[in-house]
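Below is one structure, written out as structure tokens; comments come after it.
Here is the naming used below: chain letters follow the sequence lines, and residue numbers restart at 1 for every chain.
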Number of protein chains: 2
Amino acid sequence: MRVRIAELPQWVDQTVTVSGWVWHWRSSGRIAFAEVRDGTGVVQCVVRAAAGPRDAGELRLPLETAVTVQGRVRRDARAPGGVELEVASLEVVGASDSSYPLQPKSHGIDFLLDWRHLWVRSPRQAAILRLRAEVVRAIRGFLDGAGFVAVDPPILTPSAAEGTTTLFAVDYFGQPAYLSQSGQLYLEALAMALGRVYAFGPTFRAERSKTRRHLTEFWMVEPEMAFCRFEENLAWQERLITAVVEHVLSHCASELAQLGRDLTRLEQVRPPFPRLTYDEAIRLLEAQGFAIAWGEDLGAREEQALASLSDRPLFLTHFPTAQKAFYMQPDPERPEVVLAADLLAPEGYGEIIGGSERIADLPLLRRRMMETGLDPEAEAYRWYLDLRRWGSVPHSGFGLGLERTVAWLGGLEHVREASAFPRMLYRLRP
Amino acid sequence: MRVRIAELPQWVDQTVTVSGWVWHWRSSGRIAFAEVRDGTGVVQCVVRAAAGPRDAGELRLPLETAVTVQGRVRRDARAPGGVELEVASLEVVGASDSSYPLQPKSHGIDFLLDWRHLWVRSPRQAAILRLRAEVVRAIRGFLDGAGFVAVDPPILTPSAAEGTTTLFAVDYFGQPAYLSQSGQLYLEALAMALGRVYAFGPTFRAERSKTRRHLTEFWMVEPEMAFCRFEENLAWQERLITAVVEHVLSHCASELAQLGRDLTRLEQVRPPFPRLTYDEAIRLLEAQGFAIAWGEDLGAREEQALASLSDRPLFLTHFPTAQKAFYMQPDPERPEVVLAADLLAPEGYGEIIGGSERIADLPLLRRRMMETGLDPEAEAYRWYLDLRRWGSVPHSGFGLGLERTVAWLGGLEHVREASAFPRMLYRLRP
């Protein structure tokens, strides 16, 4: 019976076949111990002389040799997973040799990224990719279960909603086109058709940033809800993040252990999440000696100082209208601030969600466009304004960055490890 | 209590609030009948004079007026969903008027696509988008449940694996880059790390095709499995398609009814799927009078003639090696054909899956590259060849086109309806 390593505990005392790659090899006399990985886990295989073509103690299989082993599953409390494999036969499926570039020693990050196609085989990187897959599953599971319809807004878009400076240009059969930075405007149209929708796909920002929180290509989940105002929008975010953290804690124990994650920090993530208005944030920062005035953008240092006030994710709300995008609803009681919020992850991970109520009123939307230097008569915006012409309703939405969320949950230093093949300012390969 | 229309049958004899858009309005004396849609369904609302600001019989709300109605849920066997709403109060949330462009009459396809941002509100289009979301959920549910790890290969790629003629070019900070046509090569690297993986994301083909089966931007699910040969690859495809059809039949009854889909055709989709080798296909086509010789590509007409032989999806296997991509494993017993298969949907929907065993042997892969005019020494292929240098194993995978699959399952005439905002040769808007 061919079995995957993660399933071995169900096969104790039975004979099974496992296929995988040698991750570690150690010989001792006439016996060898091979750690074999198959993507679902790692198992120690005990190879005695009789099993191999030669004396097992002398047989040495290089790192990454692909093997198929047959043997008996034995309970062993000391082994990871609680079992080991007593090998009866071992077949080399694909050879390896000492030229394998990623030997178990310390390598620089550029070297590792150059060899990303092999680096993903390391237990840490594989654990991060499995964690990412579970985060995706948790997000989709929560939203599907809450009656959101998964939709896919276009990646190729004819025009730039907010200027072209951070857009990647594409030659579309001779016409200019741009890669989508956000599906939001299209999602607003789809929310009017389907009620609650979400997009979950790649997003592109041609930013010349070289921070540990920026990728030029990243995945974002963007829920958008018709008949939904600011407060309900925050409630959805709180519920989603809580569900994702619970899912990860119950489904990713071995991945989080592999990453050395402090679980107590994740266990603290329970609703309600604290809130701070931009006004309060400015006062707090001033009291801490930051040189910042009302109306100025909060930078990474300011965000970090604010997030450190809480063990839980923190909502920052009611930003100055002048700072923010044209589609955000100004607070009716105080139009100099918008009904928008960022969610800052704890432990210095910074913003993982940005969201807002959208303007439903056509004259107000047109005025805000003009105030932000956009032409409401431009053909590019016609369809977006149409959504306010017939049956316009209050609606809200938000965008959650997947790699930043995985970096936070996994305790990673840099978002690049949360992407299978990260794309950055100076990194388009492999 | 605010309730979504799909949930109304659980609230019989209770008073609820529903928000949505007027889809149809009919008055009769002092009573009006409004069909209201909210994205989850449609409910008939009975509005009597007392509920509205004026005599209900004279009150006329235009198509797409957004309303919030409060009322009592009444069982009514004749109504869709088995209930109607006896309205106690009605509030207009967002006005509409007779200028709404998509009045209930027949429009041409270009007109409808120009107004796609509103066209998605029509019951048929909304049903297609909900069907699509359920197909996505079925595919992910099946693969997640079978131990596949969801991964996201890059969209921005530095080079063209098979020539640039059908690639969209992107300006990547001054360097040339291309939008991915398939994540396959990257998925092969990830399968060596994680065992079984799948990507599910957008894919781009700059093809100047104007058929009912082509989009320039479409979504594809691409499973890739290590230690998996040709036969097992076909078995995964058969299981996946069977699971998706079962899911759609049990979760999309109202959508399929809305689309007028003949369910008996879908109920016939049960394993095993019949198979035809390319050799057999050529003999059959010759017997039917087609002018086709061994070695020639099968066109849409030929595919249709073959698919019509079966009520179930049909595997077409063992294509001439010379026709196919460099990475496909030649049949060891007959190297002029490859261990590849296309899956043709019944009812003339054509190819929905293409897949193959991949070449694991480095010298053979290099030889096949040279035979197909590719340079195995090129920097662009170095990392891909590396996968055969250390621990290479048999592996296979396939790609399923989402829009074609939705078109088949929903009985659509053209794939464009299966995309929220379709992109075609002459269509980049809205």
Segment of A:V136 engaging chain B (4.5 angstrom heavy-atom cut-off): side chain
May I ask you to name which of A:R388, A:R132, A:R389 has the most heavy-atom pairs under 4.5 Å with chain B? A:R132
Any idea which heavy atoms bring A:A191 and B:W21 closest together, and the distance? O-CH2, 4.0 Å
Quick check: closest heavy atoms across A:D144 and B:R137, and the distance to 0.1 Å? OD2-CD, 3.1 Å
Rounded to the nearest 0.5 angstrom, the CG-OG1 distance for B:L428 and A:T157 is 7.5 Å
Top of A:D386, A:I155, A:T65, A:D152 for chain B proximity - count of heavy-atom pairs under 4.5 angstrom: A:D152
Atom of A:A150, atom of B:A133 and distance for their closest heavy-atom approach: O-CB, 3.4 Å
Taking everything shown except A:R205 itself, do over 12 heavy atoms lie less than 6.0 Å from its CZ? yes
Max heavy-atom pair count under 4.5 Å with chain B, selected residue of A:Y426, A:F227, A:F204: A:F227
Heavy atoms, side chains only, cut-off 4.5 Å: are A:W390 and B:P101 in contact? yes
Just verifying a value: how many Å separate B:L387 CG and A:L118 CG, rounded to the nearest 0.5 Å? 6.5 Å
For chain A, find which of B:R2, B:R429, B:R4, B:R130 contributes the most heavy-atom pairs closer than 4.5 angstrom. B:R4
Heavy-atom proximity to chain A below 4.5 Å, by part of B:Y384: neither
So which part of A:V67 gets closer than 4.5 Å to some heavy atom of chain B, the side chain, the backbone, both or neither? backbone
Aromatic ring pairing B:Y172/A:F168, orientation class (parallel under 30°, perpendicular over 60°, tilted between): parallel
Could you walk me through whether B:L179 and A:L156 pass the side-chain contact (heavy atoms from CB on, under 4.5 Å) check? CA-CA 10 Å; B:L179 297 183; A:L156 291 166; 3.9 Å; yes
Interface moiety of B:R37 toward chain A, non-hydrogen atoms closer than 4.5 Å: side chain
Contact part of B:D97 toward chain A, heavy-atom cut-off under 4.5 Å: side chain, backbone, both or neither? both
Relative to chain A, which segment of B:A360 carries a heavy atom at a distance below 4.5 Å: side chain, backbone, both, or neither? neither
Relative to chain B, which segment of A:A6 carries a heavy atom at a distance below 4.5 Å: side chain, backbone, both, or neither? neither
Side-chain donor or acceptor of A:R140 paired with backbone N/O of B:R140 under 3.5 Å: no
Give, as side chain, backbone, both or neither, the part of A:L63 having an atom under 4.5 angstrom from any heavy atom of chain B. neither
So for B:S99, is it side chain, backbone, both, or neither that comes closer than 4.5 Å to the heavy atoms of chain A? both
Relative to chain A, which segment of B:S19 carries a heavy atom at a distance below 4.5 Å: side chain, backbone, both, or neither? both
Name the region of B:D38, side chain, backbone, both or neither, that has any atom closer than 4.5 Å to a heavy atom of chain A. backbone
With a 4.5 angstrom heavy-atom cut-off, which part of A:D361 approaches chain B: side chain, backbone, both or neither? neither
Partner chain B: residue of A:R196, A:E64, A:R208 with the largest heavy-atom pair count (under 4.5 Å): A:R196
Highest number of heavy-atom pairs under 4.5 Å with chain B: which of A:E188, A:E7, A:E207, A:E134? A:E207
Please flag which part of B:W383 lies under 4.5 Å from any non-hydrogen atom of chain A: side chain, backbone, both or neither. both
Which atoms of B:Q175 are under 4.5 Å from chain A, going by heavy atoms: the side chain, the backbone, both sets, or neither? side chain
Of all of B:A177, B:P62, B:A420, B:A169, which one pairs up most often with chain A through heavy atoms under 4.5 Å apart? B:A169
Can you tell me how far apart CZ (A:R116) and CG (B:L190) are? Round to the nearest 0.5 Å. 8.5 Å
Options A:G94, A:S419, A:G391, ranked by heavy-atom pairs under 4.5 Å with chain B, top entry: A:G391
Contact origin within A:P154 toward chain B - heavy atom pairs under 4.5 Å: both
Distance-minimising heavy-atom pair for A:W219 and B:F200: CH2-O, 3.6 Å
Side chain, backbone, both or neither: which part of B:E403 has a non-hydrogen atom closer than 4.5 Å to chain A? neither
Residues from residues 119-128 of chain B approaching chain A under 4.5 Å (heavy atoms): B:V120, B:R121, B:A126
